[in-house]
Amino acid sequence: MLKEYNISVIPGDGTGPEVVTEGIKVLDTVAEKYDFKLNFTHYRLGGEHYKATGEILPEDVLEPLAASDAIYLGAIGHPDVKPGVLEKGILLKIRFDLDQYINLRPVKLYEGVMTPIKDKGPEDIDFVVVRENTEGLYAGAGGFLKRGTADEVAVQESINTRKGVERCIRYAFEFCRNRNKQKKLTLCGKTNVLTFAFDLWERAFYEVAEEYPDIETDYAHVDAICMWMVKNPEWFDVIVTDNMFGDIITDLGAMIQGGMGIAAGANINPEGVSMFEPIGGSAPKYTGRQIINPIAAISAAQLMLETIGEHKAASSIEQGVIKVLRDDLKDVAAGKMGYTTQEVGDLVTDYVKGL
Ligand code: IPM
Ligand code: MN
């Protein structure tokens, strides 16, 4: 029997819809080729929808999202909406409510893509960041006292539960083992200052490590990680870290792999429904101009197929991405590709068809 998957699609804001269109085109192509079926249901969520209706993410939309096999997201964020409203109300709400406790972000420099790091090539830049995705500073714990007065106090606490930290660390060890490259897992923390939170992380890390004698362990402070990511990116295989540090170092990671136009991420609930997205944001100034690079969204589609178990189809998307980046695109940046958004989608599709 033909395998079928129900995919919820949230094109979202800005350039989200344009890149998602290309991702779906590629997905349909590989589904046909590898004999499975993808049923896409689109949901209108994001800044435009909020402005028109006042709705952010109603429960009756969250329910079908939670019942689907995966969620494919374009971008959330609108210049007319106060920062935080859509990000917290849609993106973080889905991550938290669906318990997508892993944010997986590959940092891989493909051939033909320029990195700003001198003398480093694809053999040096190939690692994955496992970012905790439901706790830390993102948990929303804290508040104001006497807001707007001279005596005001703002507290924003980092929540680190043993369960949350341990499941993230365990996922990272498993991932590192299955990835089977350097077999090295680096904990990124700040044990010299955040002596409570990262004390817990460090203890959990070395305790779980005992179950993985085949994996080499390493530790570095987050500031040092930023330095090494630029100076010696080849040292890294898998990095595990908390939500805030993971957010920051993966933007740096996106830059060393060539730019936001090609960086993809997966919000994973290993026991539930996961969500896949290009991590570059809504890029409002490029909206509708067909100049944004859809490769990040196409790679997010690849991560989606990997996660739902369609490995052959996922790998053919990666082959397509590798070919197009190496042989076709002049540059990965918006407006400099030498092709329109749609044409880049076509290039990947055509290649995948002929594989
Ligand atoms: C990301 C984004 C989000 C985050 C924002 C939009 C809330 O920067 O996915 O990295 O901070 O997690
Ligand atoms: Mn971010």
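Atoms within each ligand, like the ligands themselves, are counted from 1 in listed order. Please read these numbers as outputs of a predicted model, since none were measured by experiment.
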Exercise. What class does the angle between the rings of Phe245 and Phe198 fall in, given that below 30° is parallel, 30 to 60° is tilted and above 60° is perpendicular?
Worked result: parallel

Problem set entry | Heteroatom proximity flag, Arg95 to ligand 1, N/O under 3.5 Å | yes

Problem set entry | atom 7 (C) of ligand 1: nearest protein contact (heavy atom, Å) | Glu87 CB, 3.8 Å

Problem set entry | Nitrogen or oxygen atoms of Asn103 and ligand 1 under 3.5 Å apart | no

Exercise. When you look at Asn39 and Asn6, which way does the side chain to side chain donor-acceptor pair (under 3.5 Å) test go after all the steps?
Worked result: CA-CA 5 Å; Asn39 305 313; Asn6 296 320; 3.0 Å; yes

For this session: Would you please test Phe173 and Phe205 for ring pair (Phe, Tyr, Trp, His ring centres under 6.0 Å) and show each step?
Result: CA-CA 9 Å; Phe173 273 105; Phe205 182 70; 5.5 Å; yes

For this session: Give the residue and atom name of whichever protein heavy atom lies nearest to atom 5 (C) of ligand 1, and the separation in Å to one decimal.
Result: Leu91 CD2, 4.2 Å

Exercise. Do you know which two heavy atoms are closest between Asp346 and Glu22, and how far apart they sit?
Worked result: N-OE1, 4.3 Å

For this session: Assess Asp247 for proximity to ligand 1: is some non-hydrogen atom of it under 4.0 Å away?
Result: yes

For this session: Can you label the angle between the His221 ring and the Tyr219 ring as parallel, tilted or perpendicular, going by 30° and 60°?
Result: perpendicular

For this session: Among all protein heavy atoms, pick the one closest to atom 11 (O) of ligand 1 and tell me residue, atom and distance.
Result: Tyr138 OH, 2.6 Å

Seminar exercise, completed: If you scan protein heavy atoms around atom 1 (C) of ligand 1, the nearest is Arg105 NH2, 3.3 Å

For this session: May I ask you to check whether Asp247 brings an N, O or S atom to under 2.8 Å from the Mn ion (ligand 2)?
Result: yes

Exercise. Under 4.0 Å from any heavy atom of Arg131, which atoms of ligand 1 are there?
Worked result: 1 (C), 4 (C), 10 (O), 11 (O), 12 (O)

